[in-house]
Structure formats: C-alpha cells, structure tokens
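Here the structure comes first, spelled out in structure tokens, and everything after it is commentary.
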There are 2 protein chains.
Amino acid sequence: MGSQLTELLKGTLEGMVLAVLADGPAHGYEITARLRDMGFSEVAEGTVYALLIRIEQRRLVDAEKMPSAKGPPRKVYSLAAEGRRRLDEFWQTWNFLAERLDQLHEGGMT
Amino acid sequence: MGSQLTELLKGTLEGMVLAVLADGPAHGYEITARLRDMGFSEVAEGTVYALLIRIEQRRLVDAEKMPSAKGPPRKVYSLAAEGRRRLDEFWQTWNFLAERLDQLHEGGMT
DNA sequence: GTGAACTACCTAGCATTGCTGAGTACTGGT
DNA sequence: ACCAGTACTCAGCAATGCTAGGTAGTTCAC
C-alpha cells in the first residue's frame, strides 16, 4: 500500500511540475529540489525524471542539453505551448475538484 | 490516456466515499448517485463498487445486506472506526496538498 | 406478456501513475 | 583512493480508476 499522499499525487504531480516550469526553465534535479523545498520531501527522484520523459514525449515541454559546472550535463526543460494549455486545463480540473472536496468537508461537519 | 480528472481522482475517490459515509450509511448505487449529483458525472459505477469492496476488506467500512423495495437486495455500508481514522488522515493529507497547490497557483501568477 | 427502463451489484482485463532499487557519470574535498 | 554531491536513466512493482461486459429484480407502457 502506498501512502495517502502517494495516491493523491497521482495526476497532481504532472500539474505541479508544469507549474514549476511555467515559472521558468529548469532541469530535473532542480525541479526535484524545489518540490522538496515545498514540503514534498518524499517525492522520489526517479519519479520526477520519468515524468519529465513522459511529458517531453507528449510535447508538453521542450528539452535542451546544457553543460554543468559541477556534474554531468543537465537536461533543461521549458514549457511548450501544448504544456501551457495542459497546465491551464489542470488548474481548471483542480479547482473543480477542490471546490467539491471543500464542500464535502464542510458539509460533513453537521 | 485517461482524462485529467480521472488521474486526479486517484486516491481522492476513496476519501470522498468515506466522507459520504461519514454522513450516514448508504449503499453503492446511492453513493454513485450522490457523486454524480456533486458533479462527478463521469465516475463509473464499476469503479465505486470495486472501491467499496476494497475498503470493506480493509475494514474501513462495515457491510450489511438489506432487502430493497425496487430491485435486488442492497449492500449497505457504514463507516467503521478504522475508516474514521483513515478519513481524518485523508483530510490532513488533502489539506497539505491543497495548501501547497494553491501557493503554486498564486505564485505562478507573477 | 414483452420489452424498455430503472434499480442494484459484480467481474476480468487494461492504462496510467508513482515508488523501489538499482546503475551510470562527472566534480570536488579529505 | 574515497566519499559526498550533482545529474540522469531504467526495469519491475503496487495501487487506482475505467472499459465493457454480465446478472437480477421491479415497474410501467405498448
């Protein structure tokens, strides 16, 4: 059994990564670090890299290899037009869900 | 590819069903109907039944067969102690996620 | 009385997603 | 030489929701 958060992250993580990239290009290691800083300390590195490969194949992001001063070359991702659309869609879906969930939570108090 | 909502529902649906049951016992068909009324019109019947069987096996809910006036006998589910704990945990996890997601959304506006 | 529609439940197989646990490779400090 | 930190990849697994069917009982129109 995965943890509660693991299951809730399904579908959400893609949106979060796209949102991070909407803020500017970034490479995988950096994105993982940002997620950890946000409080998602349990997000596995491998998960993020796998996700990045998926969204690159779907043309949601563009990738470019860049040399790094301290380590192997980085793969820098930036949000593509299709990814921007997908991100907007994500926020809509998220709001839809969040509204109803909040209602359920409030309503359940009675 | 599943829809955005489908992926977001992963993990959330269990919490929603537990929340509905926290409001009082209900049977599968009724729970499905309530979810549809809430706006989740695309939630498949089979999904809900499968979920109910899962959470019954995990002792999150108790099940009892009841005769129905208009159709086959119903299986009425009610929240068990373990389910109540799980529901509380769910809301905590949900709030954790929602807070950070909202922050990401706001922050991304700059 | 036959068929449609609604009530009520179940199942096998699939697609997607995140995690585990490993490996590769480059740099810098000790 | 060794280890930590940077940076990426991959195979196999676990959990979840959907598809697409099936079974059964009741009610009502035709």
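Atom set for the values below is all heavy atoms of this structure, side chains included, hydrogens, waters and symmetry mates excluded. Reminder, nothing fancy here: chain letters follow the sequence lines and each chain counts from 1.
- Residues from residues 90-98 of chain B with heavy atoms under 4.0 angstrom of DNA chain C: there are none.
- By the side-chain hydrogen bond (donor to acceptor under 3.5 Å, both in side chains) test, B:Gln92 pairs with no residue at all, sequence neighbours left out.
- Residues passing the side-chain hydrogen bond (donor to acceptor under 3.5 Å, both in side chains) test with A:Arg85 are A:Glu82, sequence neighbours excluded.
- Applying the side-chain contact (heavy atoms from CB on, under 4.5 Å) criterion to B:Arg84, with sequence neighbours excluded, gives B:Ala22, B:Leu79, B:Leu87, B:Asp88.
- Side chain of A:Arg100 to backbone of B:Met38: a donor-acceptor contact under 3.5 angstrom is found.
- Contact check, A:Tyr49 against D:dC8: a side-chain N or O comes under 4.0 Å of OP1 or OP2.
- With sequence neighbours excluded, the residues satisfying salt bridge (charged side-chain N to carboxylate O under 4.0 Å, His left out) with B:Glu56 are B:Lys75.
- Atom CD of A:Glu56 and atom P of D:dC8 are 12 Å apart (whole Å).
- The OH-P distance, from A:Tyr77 to D:dA7, rounds to 14 Å in whole Å.
- A donor and an acceptor atom sit less than 3.5 Å apart, one in the side chain of B:Lys10 and one in the base of C:dT16.
- Among residues two or more places apart in sequence or in another chain, the side-chain hydrogen bond (donor to acceptor under 3.5 Å, both in side chains) test is passed with B:Glu30 by B:His27.
- Atom CD of B:Gln4 and atom P of D:dC18 are 14 Å apart (whole Å).
- Annotation: side-chain contact (heavy atoms from CB on, under 4.5 Å) contacts of A:Ala80 (sequence neighbours excluded): A:Asp62.
- The interatomic distance linking A:Ile53 (CD1) with D:dA7 (P) rounds to 17 Å, in whole Å.
- Out of C:dC19, C:dA8, D:dG17, the shortest distance to the side chain of B:His27 is found at C:dA8.
- Per the geometry, CZ belonging to A:Arg54 stands 10 Å off P belonging to C:dC19, to the nearest Å.
- Applying the side-chain hydrogen bond (donor to acceptor under 3.5 Å, both in side chains) criterion to B:Thr6, with sequence neighbours excluded, gives B:Ser3.
- The CG atom of A:Leu13 lies 9.5 Å from the CG atom of A:Leu18; values are rounded to the nearest 0.5 Å.
- Considering only the side chain of B:Glu7, C:dT16 comes nearest among C:dT16, D:dT16, C:dG18.
- The phosphate of D:dG17 (OP1 or OP2) has no side-chain N or O of B:Thr6 nearer than 4.0 angstrom.
- By the ring-ring contact (aromatic ring centres under 6.0 Å, His included) test, A:Phe40 is found to be paired with B:Phe96, residues two or more places apart in sequence or in another chain being considered.
- Residue B:Tyr29 places at least one side-chain N or O under 4.0 Å from the OP1 or OP2 atom of C:dT7.
- In this structure, A:Met16 places its CE atom 15 Å from P of C:dT17, rounding to the nearest Å.
- Rounded to whole Å, atom P of C:dG18 lies 12 Å from atom CG of A:Leu8.
- No engagement by B:Glu30 is indicated, since no non-hydrogen atom pair under 4.0 Å with the nucleic acid exists.
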**OP:** Step by step, work out the salt bridge (Lys or Arg N to Asp or Glu O under 4.0 Å) result for B:Arg54 and B:Glu14.
**Re:** CA-CA 10 Å; B:Arg54 278 203 309 268; B:Glu14 182 187 298; 5.7 Å; no
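- Near DNA chain D, meaning a heavy atom under 4.0 Å away, the residues from residues 63-75 of chain B are B:Ala69, B:Lys70, B:Gly71, B:Pro72.
- Of the residues in residues 32-46 of chain B, those lying under 4.0 Å from DNA chain C by heavy-atom distance are B:Glu45, B:Gly46.
- Going from atom CG of B:Leu51 over to atom P of C:dC10 covers 13 Å, rounded to whole Å.
- Partners of B:Pro25 according to the side-chain contact (heavy atoms from CB on, under 4.5 Å) rule, which considers only residues two or more places apart in sequence or in another chain, are B:Val76, B:Ser78.
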